[in-house]
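These values consider heavy atoms only, across backbone and side chains, with no hydrogens, waters or symmetry-generated copies. The chains referred to below are lettered A, B, ... by the order of the sequence lines, with proteins before strands, and numbering in each begins at 1. It should be emphasised that the depicted structure is a prediction, and the values quoted were computed from it without experimental measurement.
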Amino acid sequence: MHQVEVLLERRRTSQARALLKPALAAHPDHSGLLLQSAWTDYLEDRNDEALTTVRQVLLAEPKDQSARLLYFELLLERGDNAEAERAIIELLRDYPEHAHYYGRYAQLMLKTLNIEKSQQLALEGLKYDPDSVECLAAQTICDFIERPGSTTSQGLQQLLVRHPQSLRTLLLVVVALEQRGDRGEALSIARELLRAQPDNEGIVDMVKQLRLVTHWSMLPLWPVVRFGWAGSVAIWLLAAVGLSTLRRSDAELAGTIGLVLLAYVAYSWIWPPILKRLLRA
Amino acid sequence: MSVPREDLLQPTLTGTVRTAAPYSVQTTFLTGFFGGPFAALAILATNSFRLRRVARDALVWSALLVLLAIGGWLLFHSVAGADVRAWFTEQFGSRAARFSGQALGLAIVGVGYLLHRREQVNADLMGLTRPNGWIGGIGCIVLGMAVSVAFVTIIME
């Protein structure tokens with residue numbers, strides 16, 4: 001069992017499964033082996049199988065900490081947020097100094113748009129473990145929500161100091177750079193992350209999105225990419241007021257510029273989705 | 001062993017009505033732009049319901065609605081209103097009504113964004129699934145246009 005545990009920590013799930021198979025054949029009701037099998041399924045995204053197995057484990061061992069955490073994670077994946085909250089609260093009542101659980105609860109609160117409670121949970125968890133990646137990540141996301149584009153996220157600074165190599169930290173650095181408008185740098189880091197984890201769909205999507213917004217053909221759309229919908233409003237306002245003024249002095253020129261603007265709007269609507277399909281991560 | 005803050009361990013996600021991701025900024029923008037001020041108000045109110053912020057936001061919608069009603073009435077029943085209409089028509093010609101409707105719609109979208117900015121950023125950062133913008137957006141545009149027609153008919157009588 002120890003060997004499987006080590007393999008699961010390193011996410012070598014196929015090797016773990018190979019070891020578990022004969023052991024489970026010999027002891028099909030062994031809770032420890034079943035739990036390791038459930039974790040293996042979870043790490044391989046076979047969540048339905050994992051949930052069935054972990055429920056079986058919890059019937060035999062209702063207080064097992066690892067089984068309860070896995071149950072919470074599986075409920076979170078399924079979007080059964082109310083039941084996930086009940087599970088994590090019960091864990092916190094039994095292990096009130098476990099910062100990781102505060103961090104996971106904070107992430108659940110972010111997923112359900114409860115920003116204040118998420119902030120409070122992250123801070124509470126950091127009292128017990130100032131190094132907790134989960135709590136620092138939740139704190140960082142709360143900072144990004146409160147002050148998008150700010151470079152003074154305390155959570156991110158702590159993550160960079162305490163966990164500079166963590167994937168979580170680097171992903172949040174990419175988000176921070178993107179929010180600040182440094183999309184080129186964000187893309188460089190995201191590409192490095194993709195080299196390290198080529199199968200990670202989240203990173204693949206991130207790289208695709210960053211390649212899209214940094215592509216040379218998106219240069220004419222810079223105001224929209226940089227300032228979002230506020231940029232679109234500014235362009236529309238300038239066009240409406242400018243063309244109305246120009247129409248009174250030179251109607252023909254105003255008509256030509258109007259057509260160019262129409263083409264620009266059409267380009268901004270049609271080209272990005274096409275480019276997104278053409279680009280590969 | 002220290003005791004965690006009891007208030008933090010009270011469930012938040014109870015009950016049948018739960019917080020849901022708001023319509024995206026893109027949907028609210030296009031709804032306000034194509035549907036005008038009442039459509040923008042409709043999608044703003046829908047987002048308030050989805051985010052369970054009705055109690056906090058109702059005062060803002062009410063104030064915007066009252067401002068629209070008073071502004072609209074003054075536009076057709078006061079000297080200053082007539083001057084404003086004349087200026088707009090002089091500046092924008094036949095497009096004056098459409099342009100002012102779009103501008104008001106976008107202004108209300110801006111107010112909505114300021115109200116729900118944190119939730120919008122939260123939803124983007126956590127990759128939450130947004131509701132179908134076509135259904136909600138078109139519904140609000142149709143409703144907004146119907147209300148606009150009724151409103152203009154009433155105040156012009």
Intermediate values then yes/no, side chain to side chain contact (heavy atoms under 4.5 Å, CB included), Leu9(B) and Arg93(A): CA-CA 8 Å; Leu9(B) 300 190; Arg93(A) 288 206 184 281; 3.7 Å; yes

Chi angles and distances behind the side chain to side chain contact (heavy atoms under 4.5 Å, CB included) call for Phe144(A), Val121(B): CA-CA 8 Å; Phe144(A) 289 167; Val121(B) 178; 5.5 Å; no

Chi angles and distances behind the side chain to side chain contact (heavy atoms under 4.5 Å, CB included) call for Thr12(B), Tyr105(A): CA-CA 11 Å; Thr12(B) 308; Tyr105(A) 191 7; 4.2 Å; yes

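Note on Gln10(B), Gln91(B), Glu119(B), Gln102(B): by heavy-atom pairs under 4.5 Å with chain A, the leading option is Gln91(B).
Contact of Gln120(B) with chain A is not made at all, since no heavy-atom distance falls under 4.5 Å. For Leu108(A), the part lying under 4.5 angstrom from a heavy atom of chain B is the side chain only. Looking at Ala20(B), the atoms closer than 4.5 Å to chain A (heavy atoms on both sides) all sit in the backbone: N, CA, C or O. Contacts between Leu128(B) and chain A at a heavy-atom distance below 4.5 Å involve the side chain alone, from C-beta outward. With a threshold of 4.5 angstrom between heavy atoms, Arg86(A) does not approach chain B through any atom at all. Contact annotation for Leu237(A): only side-chain heavy atoms (C-beta onward) come within less than 4.5 Å of a heavy atom of chain B. Contacts of Phe99(B) with chain A are made by both backbone and side-chain atoms, with heavy-atom separations under 4.5 Å.
At most 12 heavy atoms of other shown residues, nucleotides or ligands fall within 6.0 angstrom of atom CZ in Arg95(B). Around the CD atom of Glu83(A), the shell of radius 6.0 Å holds more than 12 heavy atoms that belong to other residues, nucleotides or ligands. No more than 12 heavy atoms of other residues, nucleotides or ligands lie within 6.0 Å of CG in Leu59(B), so this atom counts as exposed by the packing criterion.
By the 4.5 Å heavy-atom criterion applied to side chains, Leu13(B) and Asn114(A) are counted as neighbours. No side-chain heavy atom of Val109(B) sits less than 4.5 Å from a side-chain heavy atom of Trp229(A).
Note that OG of Ser232(A) is 9.5 Å distant from CD of Gln26(B), once rounded to the nearest 0.5 Å. To the nearest 0.5 Å, atom CE of residue Met109(A) and atom CG of residue Leu8(B) are 10.5 Å apart.
Residue Lys117(A) comes nearest to Asp7(B) through the heavy atom pair NZ-O, 4.3 Å, listed as atom of the first residue, atom of the second, then distance. Taking both residues in full, the closest heavy atoms of Phe92(B) and Ala240(A) are given as CE2-O, 3.8 Å, listed atom of the first, atom of the second, then distance. The two residues Thr19(B) and Thr112(A) have their closest heavy-atom pair at CB-O, 3.7 Å. Contact record, Ile145(A) with Arg118(B): CG2-O, 3.5 Å, taken as the closest heavy-atom pair. Closest heavy-atom contact between Leu113(A) and Ala123(B): CD2-N, 4.1 Å.
Side chain of Glu85(A) to main chain of Pro11(B): no donor-acceptor pair is present (N/O by atom type, distance under 3.5 Å, no hydrogens or angles). Of the possible polar contacts, one joining the Arg117(B) side chain to the Glu146(A) backbone as a donor-acceptor pair under 3.5 Å is found.
Ring pair Trp236(A)/Phe33(B): centre-to-centre distance below 6.0 Å.
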